Amino acid sequence: MEETARAKLNLALHVRGREPDGYHRIETIFAFCTDGDLLRVAAGEDLGLELVGPFAAGLAAEHDNLVLRAARALAERHAPGRGARLTLDKRLPVASGIGGGSADAAAALRLLDRWWGLDLGEAGLLDIARGLGADVPACLLSRPTRGTGRGDVLEEIEDAPFRGLPALLVNPRVAVSTPAVFRAWDGVDRGPLPGDVRDGRNDLQPAAIAVAPIVADCLRLLGERFGATLVRMSGSGATCFALFDNEVDRDRAAAKMAEERPGWWRLATRLA
């Protein structure tokens with residue numbers, strides 16, 4: 001049994017303020033790709049996790065992977081004593097602004113809910129998801145959603161106009177610290193999300209560029225691609241993305257990016 005941990009995109013991300021506890025109030029539009037990490041499960045007496053895939057090494061030093069935290073939280077509440085052997089095929093870059101650990105944790109909840117026959121569904125898993133991180137609830141749904149608060153107060157977007165659009169994700173293989181980017185944010189509230197996501201922005205882009213200047217190069221190159229209708233950074237970076245109206249333009253852009261920056265990570269995908 002397996003589950004895809006879909007890559008998350010923030011099509012827009014407006015930072016509205018910093019709270020006394022250090023967290024930030026945001027408004028964001030979550031979208032999810034058809035591709036991502038892959039999580040598999042097999043029988044096991046206890047809970048265990050094996051890391052494989054091109055970006056597995058980036059998680060090797062973690063002593064308490066978010067996938068295992070999600071599995072333990074679910075077992076403690078609903079399946080005490082149950083075991084499972086999980087294998088995470090890590091295909092997405094680590095610390096890259098596209099869900100990563102949050103999407104993996106959400107996939108673990110969905111997968112083990114089925115594997116253990118709990119039949120909790122999304123409604124029954126959301127409380128656990130909220131305790132694992134601000135992005136985990138949205139990643140649990142993995143559908144177009146508007147997020148407010150810390151990003152964990154969710155409102156699904158019915159008939160989202162961007163659903164199904166071809167997308168190209170590019171990461172210059174630079175890991176960016178989310179806390180560092182939020183610390184570099186200038187603290188200016190530039191207003192709420194507009195009705196059209198294309199009129200929005202990512203308020204963390206300037207801060208991410210200050211932390212990792214190569215993000216500006218990534219955005220510039222994507223913006224030069226023919227047919228790109230929206231170019232933006234996702235989350236706190238460093239992954240940037242471009243949306244297209246058709247796969248021909250997207251694939252041409254991906255090929256050009258591979259030629260100009262052969263060492264960068266790329267994913268030609270589609271919004272779910």
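Quantities reported herein were computed from a predicted structural model and do not represent experimental measurements.
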Within this structure, what is the [atom1]-[atom2] distance for the pair [X] and [Y], rounded to the nearest 0.5 Å?
{"X": "F32", "Y": "C139", "atom1": "CZ", "atom2": "SG", "result": "4.5 Å"}
{"X": "L204", "Y": "T178", "atom1": "CG", "atom2": "OG1", "result": "8.5 Å"}
{"X": "D203", "Y": "S236", "atom1": "CG", "atom2": "OG", "result": "13.0 Å"}
{"X": "D251", "Y": "N246", "atom1": "CG", "atom2": "CG", "result": "9.0 Å"}
{"X": "D89", "Y": "D37", "atom1": "CG", "atom2": "CG", "result": "7.5 Å"}
{"X": "L13", "Y": "R201", "atom1": "CG", "atom2": "CZ", "result": "10.0 Å"}

Less than 4.5 Å apart, any side-chain heavy atom of [X] and any of [Y]?
{"X": "M257", "Y": "C218", "answer": "no"}
{"X": "W264", "Y": "R173", "answer": "no"}
{"X": "T87", "Y": "V52", "answer": "yes"}
{"X": "F162", "Y": "I29", "answer": "yes"}
{"X": "R270", "Y": "E247", "answer": "yes"}
{"X": "L169", "Y": "D35", "answer": "no"}
{"X": "V170", "Y": "L221", "answer": "no"}
{"X": "D249", "Y": "F226", "answer": "yes"}

Shared hydrophobic cluster for [X] and [Y] (ILVMFWY, side-chain gaps under 4.5 Å):
{"X": "L193", "Y": "I157", "value": "yes"}
{"X": "V197", "Y": "V15", "value": "no"}
{"X": "V136", "Y": "V67", "value": "yes"}
{"X": "L111", "Y": "L109", "value": "yes"}
{"X": "M233", "Y": "W265", "value": "no"}

Look at the side chain of [X] and the backbone N and O of [Y], then say whether any donor-acceptor pair between them is shorter than 3.5 Å.
{"X": "R232", "Y": "G200", "value": "yes"}
{"X": "S234", "Y": "G97", "value": "yes"}
{"X": "W116", "Y": "G83", "value": "yes"}
{"X": "H14", "Y": "G191", "value": "yes"}
{"X": "R250", "Y": "T269", "value": "yes"}
{"X": "N202", "Y": "G235", "value": "yes"}

Restricting to non-hydrogen atoms, name the atom on [X] and the atom on [Y] that form the minimum distance, rounded to 0.1 Å.
{"X": "P93", "Y": "I98", "result": "CD-CD1, 4.2 Å"}
{"X": "K90", "Y": "G101", "result": "NZ-N, 4.4 Å"}
{"X": "L38", "Y": "R91", "result": "CD2-NH2, 3.6 Å"}
{"X": "A254", "Y": "R266", "result": "O-CD, 3.8 Å"}
{"X": "A108", "Y": "A70", "result": "CB-CB, 4.3 Å"}
{"X": "S102", "Y": "D135", "result": "OG-CB, 3.6 Å"}

**OP:** List the steps, then state whether side-chain contact (heavy atoms from CB on, under 4.5 Å) holds for L112 with R82.
**Re:** CA-CA 10 Å; L112 291 174; R82 302 288 291 274; over 6 Å; no
**OP:** Before giving the answer on side-chain contact (heavy atoms from CB on, under 4.5 Å), spell out for R85 and E50 the whole-Å C-alpha distance, their side-chain angles and the decisive distance to 0.1 Å.
**Re:** CA-CA 8 Å; R85 307 303 296 174; E50 179 185 4; over 6 Å; no
Subject >> More than 12 heavy atoms from other groups under 6.0 Å of CG on D119 >> reply: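 Counting neighbours around CG of D119, 12 or fewer heavy atoms of other residues, nucleotides or ligands fall under 6.0 Å, so no.
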Original post:
Is it true that atom CG of D21 has more than 12 heavy atoms of other residues, nucleotides or ligands lying nearer than 6.0 Å?
Top reply: yes
Original post:
For the residue pair W185 and H24, does the interplanar ring angle fall in the parallel (under 30°), tilted (30 to 60°) or perpendicular (over 60°) class?
Top reply: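 Geometry flag for H24 against W185: perpendicular rings.
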Subject >> Trace of the side-chain contact (heavy atoms from CB on, under 4.5 Å) decision for L74 with L118 >> reply: CA-CA 10 Å; L74 181 61; L118 304 177; 4.0 Å; yes
Subject >> Verdict with reasoning, R114 to E3, per salt bridge (charged side-chain N to carboxylate O under 4.0 Å, His left out) >> reply: CA-CA 10 Å; R114 290 190 289 129; E3 184 80 15; 2.7 Å; yes
**OP:** Start with the C-alpha gap between R198 and T229, add the side-chain angles, then the distance that decides, and say whether side chain to side chain donor-acceptor pair (under 3.5 Å) holds.
**Re:** CA-CA 9 Å; R198 298 179 192 277; T229 60; 3.2 Å; yes
**OP:** Under the side-chain contact (heavy atoms from CB on, under 4.5 Å) rule, what do S96 and V176 come out as? Steps first, then yes or no, please.
**Re:** CA-CA 6 Å; S96 60; V176 176; over 6 Å; no
Original post:
Of the options D217, V231, V215, which is the one that meets C240 in a side chain to side chain contact (heavy atoms under 4.5 Å, CB included)?
Top reply: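 Answer after filtering D217, V231, V215: V215.
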**OP:** May I have the step-by-step check of salt bridge (charged side-chain N to carboxylate O under 4.0 Å, His left out) for D113 and R110, ending in yes or no?
**Re:** CA-CA 5 Å; D113 181 45; R110 294 193 303 266; over 6 Å; no
**OP:** Take R150 and E19, measure what salt bridge (charged side-chain N to carboxylate O under 4.0 Å, His left out) needs, and give me the verdict at the end.
**Re:** CA-CA 10 Å; R150 292 169 53 192; E19 300 292 354; over 6 Å; no
Original post:
With the threshold set at 4.0 Å, does a side-chain nitrogen-carboxylate oxygen contact exist between E27 and R146?
Top reply: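 Result for this pair is yes, salt bridge flagged.
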